[in-house]
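Down below is the structure, laid out as structure tokens.
In this chain, residues are counted from 1 in sequence order. As a basis for the values below, the full set of heavy atoms in this structure was taken, side chains included, without hydrogen atoms, waters or symmetry mates.
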Amino acid sequence: QVQLVESGGGLVQAGGSLRLSCAASLPNRSSYTMGWFRQAPGKEREFVARMRWTGGLQYYADSVRGRFTIARDYAKNTVDLQMNSLKPEDTAVYYCAATTVITTTLTSYNIWGQGTQVTVSS
């Protein structure tokens, strides 16, 4: 069964940290690029970060570079998004997604999780 399941969202004060996890049930996972996207109320879904499931090729949106880190957790077998120095404008539903190409383009990702809410209070 092809499935992505996110966890780890919640409410945090500005300046705080959260760690999101994405557990992936994918055929031949090593073939995939894993991405994190987010959608704030009234806004379009946007790219946040991506990496290859096998590791490497990390890339970040300008708005999060230096504050967020995408990485594999080999013990949990997940792709995580460590979010530090959170700002109120980071408030959004965060989605994990997968594609077989190396890209940041939302429409190229064809497998999506259900999303997890992140709320940053000022």
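- With a 6.0 Å radius and a threshold of 12 heavy atoms from other residues, nucleotides or ligands, Lys76 has its NZ atom above the threshold.
- Under a hydrophobic clustering in which Ile, Leu, Val, Met, Phe, Trp and Tyr are joined whenever their side-chain heavy atoms come within less than 4.5 Å, directly or via other members, Leu26 and Leu81 fall into the same cluster.
- Residue Gln117 holds its CD atom at 11.0 Å from CD of Gln39, rounded to the nearest 0.5 Å.
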Could you list the donor-acceptor pairs under 3.5 angstrom formed by side chains in residues 48-55, with sequence neighbours left out?
from, atom 1, to, atom 2, distance (Å)
Arg50, NH1, Leu57, O, 2.3
Arg52, NH1, Ser31, O, 3.3
Arg52, NH1, Thr33, OG1, 2.8
Arg52, NH2, Ser31, O, 3.1

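- Between Tyr94 and Phe68, the ring-plane angle classifies as tilted under the 30° and 60° cut-offs.
- Atom CG of residue Asp73 and atom CZ of residue Arg19 lie 6.0 Å apart, to the nearest 0.5 angstrom.
- Hydrophobic clustering of Ile, Leu, Val, Met, Phe, Trp and Tyr side chains at less than 4.5 Å, counting indirect connections, keeps Trp112 apart from Leu20.
- Under the 4.5 Å side-chain heavy-atom criterion for ILVMFWY residues, no single connected hydrophobic cluster contains both Val120 and Tyr95.
- Checked for salt-bridge contact, Asp90 and Lys87 miss the test: no charged N lies under 4.0 Å from a carboxylate O.
- In this structure Phe47 satisfies the ring-ring contact (aromatic ring centres under 6.0 Å, His included) test together with Phe37, sequence neighbours excluded.
- Put simply, the side chain of Gln114 never gets that close to the backbone of Val5: no donor and acceptor are under 3.5 Å apart.
- Formation of a donor-acceptor pair under 3.5 Å by the Glu6 side chain with backbone atoms of Gly115 is found in this model.
- Looking only at distances, no side-chain donor or acceptor of Thr78 sits under 3.5 Å from a matching main-chain atom of Asp80.
- Under the 4.5 Å side-chain heavy-atom criterion for Ile, Leu, Val, Met, Phe, Trp and Tyr, Val79 and Ile111 are members of the same hydrophobic cluster.
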- Message: Is there a side-chain hydrogen bond (donor to acceptor under 3.5 Å, both in side chains) between Gln82 and Asn84? Walk through the geometry before answering.
- Response: CA-CA 7 Å; Gln82 177 66 42; Asn84 298 328; 2.9 Å; yes

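- Judged by distance alone, with hydrogens and angles left aside, the side-chain atoms of Thr99 form a donor-acceptor pair with the main-chain N or O of Ser108 at under 3.5 Å.
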